[in-house]
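Only one structure is covered here, and it is reproduced in the block below.
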Amino acid sequence: MTSTNRQRAAGASNPKLPKGKQTVLGLYVTAAEAYEMWKAAPDKVKVIDVRMPEEYAFIGHPEMAVNIPLAFLAYERKGGKITYAPKMNPEFVAEVKSLAGPNDTLLLTCRSGGRSAMAVNQLAAAGFKKAYNIVDGVEGDKVDDPESVFHGKRMKNGWKNSAPWVYDLDPEKFVLEEAAARMMAAAKK
């Protein structure tokens with residue numbers, strides 16, 4: 001771990017981070033730092049992408065990442081209109097526990113660091129001690145330059161702008177809502 005990461009890990013809040021990206025564990029890395037951590041110990045460091053399966057599949061993801069969604073996208077048709085909203089994954093922590101133990105190093109990512117912060121907090125409440133928030137996520141933060149053609153686009157940092165990523169899908173590396181529902185049903189028996 002670099003001295004920068006140790007400093008980031010020192011406190012539960014980091015005043016430089018937006019509140020929505022802060023976690024109770026206070027463990028933060030950028031996508032570039034996360035990739036270096038994984039490369040240094042690929043058998044000991046797990047990258048978990050908590051985005052919805054649609055994002056994982058169609059936007060791309062770190063090749064080594066396992067997709068365990070914090071939420072699923074729920075669609076509903078009412079009066080001829082289709083609405084959609086996130087539906088929290090009740091099996092999120094159980095899915096992570098099937099992959100890792102409470103002392104494993106976990107690097108959690110989402111689009112830009114907000115949902116992964118929520119996921120880290122859920123895992124901390126379940127006893128995980130080394131769950132890091134990748135604060136710039138897969139897509140990164142928005143470019144804030146009105147003169148740029150990329151103004152408002154997520155091209156500032158993030159995994160897609162600093163480390164290798166793929167569109168390839170390995171069925172062993174992602175969880176669909178149906179699988180989470182089967183797990184919940186089996187647990188009730």
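None of these values were measured; they are calculated from a predicted model. Every heavy atom of this structure was used, including side-chain atoms; hydrogens, water molecules and symmetry mates were not.
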Going hydrophobic residue to hydrophobic residue with side-chain gaps under 4.5 angstrom, can you get from Val166 over to Ile134?
no
If hydrophobic clusters are built by linking Ile, Leu, Val, Met, Phe, Trp and Tyr wherever their side-chain heavy atoms come under 4.5 Å apart, do Tyr75 and Phe72 end up in the same one?
no
Are the side chain of Ser148 and the backbone N or O of Asp145 linked by a donor-acceptor pair below 3.5 Å?
no
Rounded to the nearest 0.5 Å, what's the gap from OG1 on Thr30 to CH2 on Trp159? Could you check?
9.5 Å
What heavy-atom pair brings Asn161 and Arg154 nearest, and what distance separates the two atoms?
ND2-O, 3.8 Å
Should the pair Trp38 and Tyr35 be assigned to parallel (<30°), tilted (30 to 60°) or perpendicular (>60°) ring geometry?
parallel
Looking at Pro102, is its backbone amide N or carbonyl O close enough to the side chain of Lys130 to form a donor-acceptor pair, meaning the two atoms are under 3.5 Å apart?
no
Is a side-chain donor or acceptor of His61 paired with a backbone partner of Tyr56 at a separation under 3.5 angstrom?
yes
Arg111 side chain to Glu139 main-chain N or O, any donor-acceptor pair under 3.5 Å?
no
Would you say Glu36 has more than 12 foreign heavy atoms packed within less than 6.0 Å of its CD?
yes
In a check of side chain to side chain contact (heavy atoms under 4.5 Å, CB included) between Gln122 and each of Val24, Leu108, Asn89, Val93, which one passes?
Val93
Is it the case that the side chains of Asn121 and Thr23 hold a donor-acceptor pair, with the cut-off being a distance below 3.5 Å and no angle test?
no
Side-chain heavy atoms nearer than 4.5 Å, only ILVMFWY residues, links allowed to pass through others: does that put Met52 and Phe174 together?
no
Donor-acceptor check, side chain of Asn157 to backbone of Asp141, threshold 3.5 angstrom: yes or no?
yes
Salt bridge check: are Glu76 and Lys87 linked by an N-O gap of less than 4.0 Å?
no
Check this for me: Lys173, atom NZ, are more than 12 non-hydrogen atoms of other residues, nucleotides or ligands nearer than 6.0 Å?
yes
What distance separates Lys21 NZ from Met118 CE, expressed to the nearest 0.5 Å?
12.5 Å
Closer than 3.5 angstrom, by distance alone: can the side chain of Gln22 be matched with the main-chain N or O of Leu17 as a donor-acceptor pair?
yes
dist Leu99:CG -> Asp104:CG (nearest 0.5 Å) comes out at 8.0 Å
So, does Asp49 use its side chain to make a donor-acceptor pair with the main chain of Asn67 at under 3.5 Å?
no
Under a single-linkage definition using a 4.5 Å side-chain heavy-atom cutoff for Ile, Leu, Val, Met, Phe, Trp and Tyr, are Val45 and Ile68 assigned to the same hydrophobic cluster?
yes
Under 3.5 Å donor-acceptor, Asn133 side chain and Gly113 backbone
yes
Derivation of the side-chain contact (heavy atoms from CB on, under 4.5 Å) call for Phe128 and Lys97:
CA-CA 9 Å; Phe128 285 84; Lys97 284 182 175 181; 3.9 Å; yes
